Each structure stands twice: as structure tokens, then as C-alpha cells.
Amino acid sequence: MLQSSLTQAAGWSSRQQQIEIGEAMEACQENAPGAESVRRFQRICVFCGSRSGNRTCFSEAALDLGKKMVERKIDLVYGGGSVGLMGLISKTVSDGGRNVLGVIPPAIFPNELLGETIGEVRTVEDMHERKSEMAKHADAFIALPGGYGTMEELLEVIAWFQLGFHDKPVGILNVDGYYDSLLSLFENAVAHGFIEESARRIVVSAESAEELIRKMEADMGERVRVKDASKKRKRNN
């Protein structure tokens, strides 16, 4: 009924009117009962390889994640490279009309920044400032397949969460089991008493971009609900 009324009123006379109607309907859905359990992201920081890997599924996953971000009106924060999986996802998000912020130190220009730059490229002094700047501008993190750098970035934001430096969702896009061994290592650390079970739940994983974003949204929504409930109890005490 809502869609019919909006359609008649606007007359679908322009693309802008269609966009405004879509946004109005989304707002209604977000304010509907139960919508508080989901929180939409505005900017996601994606960690991924400056190489494409030797299987097409890795590139396909980067393209799919980029498309899903565009569909959900999510901007990208990433390491600033224009090659490998970094180049694929940044171009996909930019071509879809979303903002792209790349953060990169000059020392790795020759390895990760080749040819045309994409979106806004912010130059920083070193890798430490790079990671800090990316984290500051994102409200969630996703790791695609990648090498040492990708894994180091992923593990650092997990550790930051555990230490209370942020409370932003962290997700692993486990393309064709790429991160199975890492996830098993986490479980092994729990079993041997080095990671608390509650800390293990910091990270969520999924095999597809759609499933991963949904799980991260639900996870964020639950954390907000728990925080709000805790604040309410404190006020009432």
C-alpha cells in the first residue's frame, strides 16, 4: 500500500524521484518493528591482497563484495592499491557511485599503486598510520583473501577489539575455504586456553558477501541492543 501511494504521488517522472521513493521506503522498513536488531554500515574497511591469487574465485569474490556494498550504499575504505583484489573492489565500488578512500604510504607505491588512482587517495607516513587511518574512517572491517599484510591487518583489528580500542564488527569472507586454517587456529587457541570463547566471537565468517554483511549487521545490532539494555539498567539502579 505504501509503495502504491508513493508511486502515484510521484508519477515516476524522474530517476531522482525514484531514488527518493526508494529511500523513503527503506526508512519505513528500518523503523519497522524488529528493525532495531539490524544496523546498516556506512563505510567498510576491506583488507585484501595486492595480488589476485591463482584462482578465479578470489577475483569473483572481490567483485561480488564490491557490488553488494554498492547495492547497500556502503562506501569503501581500503589500502589504496590499484592492483590485485584491491584494484578490483575499489574500481567496482567507485564505478557503482560510492565513495572510495584509499590510504597508502609512499614506501609501497611501486608495489601497490600502478596506473590510474581510484577515488580519494590519502598519503600517510608509514604502515602504522595507514592502519590507524583506515580504522578511524570505517565502521566495520572485512578481510578478503590476501597474504601476510592482509592477515596482519585482520589480526590487529581483532586484537584492538579484544583490548577495547573499538567495537566495530570484524568479518572474514572465507572464499572457498581460504581461511579455514586460520579459523581452526582460533578454535585451537580457545581449546588451549589462550583465547576466551567470548573473544573468539569477535570474528564472524561466511562464504558469500551477502551472508557475511547480513551476519555483521545482525552482530552489530545485537551489540547495540545489549549496550542500550545495560545503560537502561544502570539508569534504573
Side-chain angles (χ1 to χ4, degrees), residues 19 40-161 165-173 175 178-179 209 212-213 216 220:
I19 293 173
R40 298 288 180 89
F41 302 123
Q42 294 181 327
R43 296 169 297 275
I44 292 179
C45 176
V46 176
F47 305 129
C48 58
S50 58
R51 299 184 180 186
S52 299
N54 55 15
R55 303 187 62 186
T56 58
C57 61
F58 301 139
S59 295
E60 291 169 352
L63 293 171
D64 184 50
L65 177 57
K67 291 175 183 177
K68 290 297 184 293
M69 291 175 65
V70 170
E71 289 172 6
R72 291 170 174 266
K73 300 177 183 178
I74 300 172
D75 296 332
L76 172 68
V77 180
Y78 81 120
S82 59
V83 294
L85 299 188
M86 285 199 289
L88 288 174
I89 190 169
S90 58
K91 188 174 189 307
T92 301
V93 173
S94 179
D95 288 350
R98 303 309 305 172
N99 293 325
V100 173
L101 171 62
V103 184
I104 188 168
I108 59 174
F109 276 5
N111 297 321
E112 295 186 1
L113 193 58
L114 302 174
E116 183 181 1
T117 59
I118 299 170
E120 177 188 353
V121 177
R122 188 166 300 177
T123 303
V124 293
E125 290 295 324
D126 53 36
M127 295 296 287
H128 296 292
E129 187 180 355
R130 181 195 209 185
K131 290 180 290 185
S132 176
E133 191 74 7
M134 289 193 295
K136 180 173 69 175
H137 290 282
D139 47 27
F141 306 93
I142 289 179
L144 278 164
Y148 288 140
T150 299
M151 295 180 195
E152 188 266 345
E153 289 168 330
L154 169 64
L155 291 172
E156 185 159 56
V157 294
I158 295 172
W160 286 353
F161 189 110
F165 295 155
H166 74 83
D167 62 353
K168 303 172 183 180
V170 181
I172 291 176
L173 189 52
V175 184
Y178 181 80
Y179 281 110
L212 181 59
I213 294 176
M216 292 172 67
M220 185 62 177

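For clarity, every value in this text was computed on a predicted model and none was experimentally measured.
With contacts defined as side-chain heavy-atom distances shorter than 4.5 Å, the pair Pro169/Phe41 qualifies. Counting heavy atoms from C-beta on, the side chains of Leu101 and Asp75 never come closer than 4.5 Å. Within the 4.5 Å cutoff, no side-chain heavy atoms of Met127 are placed close to those of Glu152. At least one side-chain heavy atom of Ile89 sits less than 4.5 Å from a side-chain heavy atom of Met69. In this structure the side chain of Phe141 reaches within 4.5 angstrom of the side chain of His166, judged on heavy atoms. For the pair Met216/Ile142, a side-chain contact is recorded, criterion being any heavy-atom separation below 4.5 Å from C-beta on. The shortest distance between side-chain heavy atoms of Arg130 and Ile104 falls below 4.5 Å. At a threshold of 4.5 Å between non-hydrogen side-chain atoms, the residues Pro105 and Glu125 do not count as touching.
Distance CD/Glu153 to OH/Tyr78: 12.5 Å, rounded to 0.5 Å. Atom SG of Cys57 and atom CG of Asp64 lie 12.0 Å apart (nearest 0.5 Å). Here the straight-line distance linking atom CZ of Phe47 with atom CG of Leu155 works out to 10.0 Å at 0.5 Å rounding. Distance check: Thr150 OG1 to Leu85 CG gives 8.0 Å after rounding to the nearest 0.5 Å. A distance of 5.5 Å separates CG in Asp167 from CE in Met220, rounded to the nearest 0.5 Å. In this structure, Arg98 CZ and Ser90 OG are separated by 15.5 Å, a value rounded to the nearest 0.5 Å.
Taking each heavy atom of Val77 and Arg43 in turn, the nearest pair found is CG2-CB, 4.3 Å. Scanning both residues, Val100 and Ile118, for their nearest heavy atoms gives CG1-O, 4.1 Å. Leu154 and Val157 make their closest contact through O-CG2, 3.1 Å (heavy atoms, listed as atom of the first residue, atom of the second, distance). In plain terms, the two heavy atoms of Ala135 and Trp160 that are nearest each other are CB-CZ3, 3.7 Å.
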Original post:
Can you list the steps and then say if Leu76 with Asn99 is a side chain to side chain contact (heavy atoms under 4.5 Å, CB included)?
Top reply: CA-CA 6 Å; Leu76 172 68; Asn99 293 325; over 6 Å; no

**OP:** Could you please spell out the steps behind the salt bridge (Lys or Arg N to Asp or Glu O under 4.0 Å) verdict for Arg122 and Glu120?
**Re:** CA-CA 6 Å; Arg122 188 166 300 177; Glu120 177 188 353; 2.8 Å; yes

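At most 12 non-hydrogen atoms from other residues, nucleotides or ligands lie less than 6.0 angstrom from CZ of Arg51. The environment of CD in Gln42 is sparse: at most 12 heavy-atom neighbours from other residues, nucleotides or ligands sit within 6.0 Å.
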